[in-house]
Amino acid sequence: MNPEIARINELRDELNRHNYNYYVANNPTISDFEFDALMKELQTLEAKHPEAFDPLSPTQRVGSDITKGFTQVRHEKQMLSLSNTYSVAEVDDFINRTRQALQVPDVTLVGEMKFDGTSISITYENGRLVRAVTRGDGTVGDDVTENVKTIRSIPLQLPKGDWPEKFEVRGEIVLPWDAFDRLNKEREFNEEPLFANPRNAASGTLKMQNPAEVARRGLDAWFYYLLGDNLPADNHFDNMAAARRWGFKVSKIMKRLHSIKEVDDFISYWDTERKTLPVATDGLVFKVDSLRQQLNLGATAKSPRWAIAYKFQAERALTRLKSVSFEVGRTGVITPVANLEPVLLSGTIVKRASLHNEDIIRQLDIHDDDMVYVEKGGEIIPKITGVDTDSRNMFSTPVTFVSHCPACGTPLLRIEGEAAWVCPNKYGCPPQIAGRIAHFVSRKAMNIDGIGEETVDQLIAAGLLKNIADLYDLKADQLMGLERFAVKSTIKLIEGIKDSKNIPFERVLFALSIPGIGEISAKKLARAVKNIDNLISMPLEQLTAIEDIGSGLAANIKEYFDDENNKAIIERLRSAGLQFEIAQDTNIETSDKLAGKTIVISGTFSLHSRDEYKAIIEQNGGKNAGSISKKTSFILASENMGPAKAEKANLLGIPLISEDDFLQMIQ
């Protein structure tokens, strides 16, 4: 063999070993300078010998700046989601149910951390990484192999070991706290929107079209499950120990647990200690250790019966209120925001929290310079839940709501019967203009690819957008002269605008930002009125007769379409080719078999998804509800319905209807 080719192979093995020592074992054995010297030597030799190119060489981890779309790949084995609970008692119930199902006195579980990132499935063949796929919908995901190759803690080529010829390893792509803070500082400096949390940042980074930028951001990966034939052990714990030997980052937190007490102690310990970890976590996972027992327990349509996730309760912290600012939404509603002394909460530095409205400020009795309690709902959204009045300065004054719009200076109006104050300057208030356009182009509305909030602001600043109809007048040559608009991004936006003309009528209605009209009410409106002209001319009495359209929403609709500015925008959108009547295939007769019934859906099902059942209920005249109350007619319940809901249904005497019985009911 050519000695330089031999040296290339030697350098690749050595650099892979040092990558593992640095990024996985956290025990570097050479300096950064020495590592860079070896990398430079390898780059020089590879350039000299293109015949020795290997896509898995350590030199390829930096990623190319070539962009390309993601192809979708079907998972060989479905990636199920875990059923979860916030209750220790429900975890204990899960253990008892598992014992009963297996008919054994005891069952060994494995407790592990639930990292808060984005799920990934990676396939290896002959020790080489061949494909990385996101979870997607659990059945089909996006091929993100090129981006995953840039993550230095993920081995590209395994060292010699007892790994199978082919196997799949599943884990979580995360953005560590330090990388998350660094990234947000960069975005703040560049006046870009900040990421709300590391999970969103990790997910967004993994789906970027530029692997070089992915490489720069500093993603990490932790692995938690092995699949394949000829695995080294017949249990989960030993298989993950083997994965650790092969070079995968497997948490040392993972522990075998043999009793309910050990599980409860594990929860108690990590409920506090998780705050010291370098990555975001949102709970713990408990899995049956034996693979044979996992197989016997099986799974529902969505979740394995051999595992459960325990979610941590929201964390609370005490910090000082520095000031209150007032922000303007797309409908003109003014939202007060508390600016806080930075405080560490669930691993992130919290500086701001919503105060919602004037009534909340009064209920909290919040004063300038108060010490306030802050929580994170679901570990993500900060909110103020109380005030430490004992530490209040006796000379401090209560926080008062503004009387004029902070953006345009217009006197505010109070919405009758509500807590909200509104800026009435709909067509001259900059945040309202930008907010309506950003809502219009969003995924659940017109889903216009290639434009987000930043781009909306940029196009408004350039004088190209004043309202939503202006989108359909945009030309490629207008965009090409703007920053961040190259040929490809310009074509993407123009094509996205063109494609939006096929969006159905009910989503166009939702996109218009009619006050109070959300996704569900927009669907019901569209089905009832059939087209935009009927809606515009419909009197209040007929509008209020539509299901869930009360007098308040009916008044909003009339006010919206009576406005000459809105009428002009509608006509421009109609001329542009948007859908302003309900499509033929959705304009079908629906039954009233569920009329007057309020139904709660609980659990996961085998014949239809939850969203499909929601649609079926609406089509048959029923109403969906998210929580159980005395008004609930019955619960469409699967076998894995949560015990807390089952207990509440029993207390209220609400019947549980199985999937099969429900389908018979509506046939």
Side-chain angles (χ1 to χ4, degrees), residues 193 323-339 352-362 381 383 399-442 444-446 451-457 459-461 463 465-471 508-522 525 535-536 540 543 549-570 572-573:
S323 65
V324 174
S325 55
F326 296 85
E327 300 184 351
V328 188
R330 65 183 169 90
T331 59
V333 173
I334 310 299
T335 301
V337 176
N339 300 297
R352 288 158 56 85
S354 174
L355 285 167
H356 302 292
N357 55 52
E358 184 182 25
D359 289 357
I360 296 295
I361 291 175
R362 286 178 177 169
I381 308 299
K383 60 182 179 181
V399 172
T400 56
F401 210 87
V402 292
S403 60
H404 290 68
C405 177
C408 67
T410 303
L412 301 180
L413 298 177
R414 180 77 180 251
I415 298 178
E416 188 177 348
E418 297 185 19
W421 286 88
V422 174
C423 170
N425 184 20
K426 298 176 183 178
Y427 306 105
C429 184
Q432 293 190 58
I433 296 168
R436 285 194 296 271
I437 297 172
H439 170 73
F440 185 82
V441 303
S442 64
K444 290 186 176 182
M446 301 303 288
I451 183 170
E453 290 183 14
E454 296 173 59
T455 309
V456 167
D457 290 339
L459 296 176
I460 290 173
L465 291 184
K466 293 185 178 66
N467 58 56
I468 55 178
D470 290 339
L471 285 161
V508 176
L509 269 186
F510 172 58
L512 293 178
S513 288
I514 302 171
I517 300 300
E519 285 183 87
I520 302 302
S521 50
L525 264 181
L535 180 59
I536 292 172
L540 272 174
L543 282 172
I549 305 296
S551 57
L553 283 183
N556 288 348
I557 294 167
K558 288 301 293 178
E559 183 181 350
Y560 181 90
F561 288 110
D562 285 345
D563 190 295
E564 293 301 324
N565 287 287
N566 290 332
K567 285 181 180 177
I569 287 171
I570 294 295
R572 287 179 63 195
L573 294 176

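Only a predicted model underlies this, so the values are computations on that prediction, with no experimental measurement involved.
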Polar side-chain atom of Glu559 near backbone of Pro515 as donor-acceptor pair, under 3.5 Å: no
Leu543 and Leu535, any side-chain heavy atoms less than 4.5 Å apart: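 A side-chain contact under 4.5 Å exists here.
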Check: Asn467 and Asn565 side chains under 4.5 Å, non-hydrogen atoms: no
Separation between [atom1] of [X] and [atom2] of [Y], rounded to the nearest 0.5 Å:
X: Leu471; Y: Ile451; atom1: CG; atom2: CD1; value: 5.5 Å
X: Leu525; Y: Ile517; atom1: CG; atom2: CD1; value: 5.0 Å
X: Arg352; Y: Ser323; atom1: CZ; atom2: OG; value: 9.0 Å
X: Phe561; Y: Ile570; atom1: CZ; atom2: CD1; value: 5.0 Å
X: Lys383; Y: Leu355; atom1: NZ; atom2: CG; value: 12.5 Å
X: Gln432; Y: Thr331; atom1: CD; atom2: OG1; value: 7.0 Å

Where do [X] and [Y] come nearest, in terms of heavy atoms and distance?
X: Val456; Y: Ala434; result: CG1-O, 3.8 Å
X: Ala522; Y: Leu509; result: O-CD1, 3.8 Å
X: Ser513; Y: His439; result: OG-CD2, 3.2 Å
X: Phe326; Y: Pro336; result: CE2-CB, 3.6 Å
X: Ile334; Y: Phe401; result: O-CZ, 3.7 Å
X: Lys466; Y: Ile437; result: C-CD1, 4.4 Å

Candidates Leu512, Val441, Ile433 - the one meeting side chain to side chain contact (heavy atoms under 4.5 Å, CB included) with Ile468: Leu512
Of Pro411, Cys423, Pro431, the residue whose pairing with Cys405 passes side chain to side chain contact (heavy atoms under 4.5 Å, CB included): Cys423
Working for side chain to side chain contact (heavy atoms under 4.5 Å, CB included), residues Ile549 and Ile557: CA-CA 10 Å; Ile549 305 296; Ile557 294 167; 4.2 Å; yes
Thr410 vs Cys429, side chain to side chain contact (heavy atoms under 4.5 Å, CB included): CA-CA, chis, key distance, verdict: CA-CA 9 Å; Thr410 303; Cys429 184; over 6 Å; no
Charged N-O contact under 4.0 Å between Asp470 and Arg436: no
